[in-house]
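Values below: all heavy atoms of this structure, side chains included; hydrogens, waters and symmetry mates excluded.
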Amino acid sequence: MSTSALTPPWFPPLDKPVAERGHAPRPAERAAAIAAMRAAVDAALPHVFDPAASLRDAGQALRRALNREDPAAEHAALAQAIAAAQSAWQFEGPVVDAACSLVQQGAVSLTRAAERHRALALAAAAWAASGRPCLLMTADDEAAAHASRLLMPLFQALGLDAAPAGSDANGAALRRAYAAHVVIVPARRLAADLARDRRERGSGDAQRLEARLHGETGAGLLVTRGLFALLIDELDRVLFDDAVNPVLLSVPDDSTALGEALQLARDATDALEPEHHYTLSLDSGLLWTAAGAARATELIAGLPPLWRQTERGEWLLRQALVVRDLLQAGRDYTLAGPQVHLDDAIARALPDRALLPHLTQAIQARAGLALSPITRATERTSVLGLAASAHRLGGAAADLAGLRAPLWRHHGLIADNSSIAGTEPQLDTCADEAAWQAGVQQAFDAPAGVHRLFVLRQLGSAARFADLPGAKTAAWVLAGLGPQRALHHQREAAEAEGLPPAARIEVLFIEPLDSRRAEAQFISRVQDAAEGADVSARLLLHPQGRWVEQALGPLAAPLRALCRLWPARTPAALKFTLALLRWQLTRQQARALHAQTQREHQLKLQLSFAGGAALAPSTPPPEPLRRTS
């Protein structure tokens, strides 16, 4: 067998930046386009007698249309492919409408995960039939596993090969997954694998690499087949909430002896005493006394050679002192075995954001745990860049409130008016902290058949929540984590006691999340895991909450005084404050996404001028320690 027969073709991602877009299509035009696609699907359905054969025929027609770049033929072939899949699967009408939107650069909102997965499956079957790479991207491994369990039997019934590519997959299993017609893969896994393959193709002999892609030896360097159709579940989370964090490709490398330096810095700080050697606070940072400056100079001399330079050594000591004196376990971070989980607001607990790098290892050193590997970044990419390089893009989410304009502006996706809205929590306000605690305390005593789930935003709130009487027996979950595990434990406990599962689940938000959409998304996850139970949600707010200071700053004190003087105006004041907070968070997220895009563009320009990886700056000569008091 020839090598070319073993080698699927590579489909290069788009490299050209997206041109400036005009106005998005009018809702009436968009509805007409979806209706036309749905009419074509309905017209093709009576002629489908063998769904698998019809899908193969539609795939061949779609392949010819894509090669000719014929939009009309592509539209007809997609309708035929959706009809073939729908004939085998018999999904409900709204799911088919959503699939018709997805294959036309659409963003749809469906509250339940099962509905989203079915719509994505119809669109994926249509694109996969063409033989080009079709990737169904999820927010994380748990979502990928859930989608795989539901969708893989459906694809197999149509003769389509589908495979999950989880974060723990490697070697031949990973190459086998990416060779499938439909690949179900977490977002950050796909971004890293695709970036690595693009780097390998740019630095080596492309034909030699492709020849080893799926060879009989299974020792290929490349794993993906490129990128063509990209379908995204939990679109809002993948492209907005989580997209501000870059994906770094790295290799284990501690050439600067940073791990040893962190452990020596921990030991060195045990020889430093507050007030006598230094003062440390959030406002002023670290200030050395005369005795402390002299002692610090001696301690820095005992660090590994590359860390004896004054600024570097002082940075290590400052970070170790902050971990010892300012950070608290359970409030700013949690330890789960050797793993460290930082609070979302950890930056506000540090006197300087420059202390964030390798903070996890510094905490592990202080706790006496084995340090996580020190790595060297070899490439930087992001899910934003991945979505921008897809030839065909579509996605679904539980709620798309407030994302219509950004979806069109950044990704060319059109959010449809026919989307199903998510559930909003009922807003309850309390006059003060005591009333809020009484409300939470009252919620601990749930009647029979009712399970209450307490939702917290940050670890600092979890510490305050744990201090309330009765909190030890209440189930709670951080908003960034899925509620599925907490509800699973509740069901297991009920079964162990011989009790029926909860007929009603009440979700109590102890503090607001970043957006109304985030709350609706969380509620939809509870509905997915509730197994038929009725779900209701309540948001409990009070003027003393930390989020009020985050929204108003120095004006938080006047607002609290207003709430004490005029209790009747407390609900209106808190609603306004909450709206202001969410507006601020939306602006911060938009700026972070813009900054991420700019950094990627600048890095691409640097690499194009340099002809390779950027060079690291040279090490400056050592300097004497500058004493501050």
Side-chain angles (χ1 to χ4, degrees), residues 5-11 13 51-52 55-56 59 62-63 81 84-85 88-89 99 102 113-114 116-197 210 212-234 238 383 386 390-396:
L6 292 172
T7 307
W10 167 271
F11 292 87
L55 186 63
R56 287 193 296 271
L62 181 57
R63 189 180 307 118
W89 296 341
L102 288 171
R116 295 197 305 272
H117 291 158
R118 289 166 183 162
L120 291 166
L122 280 172
W127 288 122
S130 70
R132 302 197 177 195
C134 180
L135 300 151
L136 201 166
M137 190 166 69
T138 64
D140 51 32
D141 282 284
E142 186 176 5
H146 185 266
S148 299
R149 288 192 297 269
L150 176 66
L151 300 182
M152 287 178 65
L154 298 177
F155 289 128
Q156 291 170 1
L158 281 177
L160 291 175
D161 185 20
S167 296
D168 57 347
N170 53 48
L174 184 62
R175 289 190 293 276
R176 165 68 184 81
Y178 276 114
H181 294 120
V182 181
V183 187
I184 305 173
V185 56
R188 298 180 71 82
R189 165 101 235 194
L190 175 59
D193 289 340
L194 191 62
R196 182 186 60 196
D197 283 0
E210 288 179 357
R212 297 177 62 188
L213 176 61
H214 292 291
E216 294 178 351
T217 60
L221 295 178
L222 301 181
V223 293
T224 71
R225 293 193 294 137
L227 177 64
F228 181 75
L230 181 63
L231 300 169
I232 307 174
D233 186 28
E234 294 190 270
V238 171
V383 179
L386 174 66
H391 295 254
R392 299 293 187 272
L393 184 65

Would you say the side chain of [Y] lies within less than 4.5 Å of the side chain of [X], judging by non-hydrogen atoms?
{"X": "F228", "Y": "R392", "answer": "yes"}
{"X": "P186", "Y": "E142", "answer": "no"}
{"X": "L136", "Y": "L151", "answer": "yes"}
{"X": "L230", "Y": "L386", "answer": "yes"}
{"X": "P13", "Y": "L194", "answer": "yes"}
{"X": "P133", "Y": "L227", "answer": "no"}
{"X": "V182", "Y": "D161", "answer": "no"}

Show your working on side chain to side chain contact (heavy atoms under 4.5 Å, CB included) between M137 and V383 and close with a plain yes or no. CA-CA 10 Å; M137 190 166 69; V383 179; 4.0 Å; yes
Is the ring pair H146/H117 parallel, tilted or perpendicular, if the boundaries are 30 and 60 degrees? tilted
Between R63 and S130, is there a donor-acceptor pair closer than 3.5 Å when you use the side chain of the first and the backbone of the second? yes
Run the side chain to side chain contact (heavy atoms under 4.5 Å, CB included) test on I232 and L393 for me, step by step, so that the C-alpha distance in whole Å, both residues' side-chain angles and the decisive distance to 0.1 Å come before the verdict. CA-CA 8 Å; I232 307 174; L393 184 65; 3.8 Å; yes
Using distance alone, with no hydrogens and no angle criterion, decide if T138 and D233 have a side-chain donor and acceptor under 3.5 Å apart. no
Please check if any side-chain donor atom of D141 sits under 3.5 Å from a side-chain acceptor atom of S167, or the reverse. yes
Where do [X] and [Y] come nearest, in terms of heavy atoms and distance?
{"X": "W89", "Y": "L154", "result": "NE1-O, 3.2 Å"}
{"X": "A162", "Y": "F155", "result": "CB-CD1, 3.5 Å"}
{"X": "V223", "Y": "Y178", "result": "O-CB, 3.0 Å"}
{"X": "L122", "Y": "A85", "result": "CD2-CB, 3.6 Å"}
{"X": "L158", "Y": "A125", "result": "CD1-CB, 4.5 Å"}
{"X": "L62", "Y": "A126", "result": "CD2-O, 3.4 Å"}

Taking only residues two or more places apart in sequence or in another chain, which ones pass ring-ring contact (aromatic ring centres under 6.0 Å, His included) with H181? none
Quick one: CZ on R189 to CG on D140, what's the gap to the nearest 0.5 Å? 14.5 Å
Please round to the nearest 0.5 Å and tell me the distance separating atom CZ of R149 and atom CD1 of I184. 11.0 Å
Test side chain to side chain contact (heavy atoms under 4.5 Å, CB included) applied to A129 - qualifying residues, sequence neighbours left out: L55
Checking side chain to side chain contact (heavy atoms under 4.5 Å, CB included) for the pair C134/L231: CA distance, chi angles, key distance, verdict? CA-CA 8 Å; C134 180; L231 300 169; 4.3 Å; yes
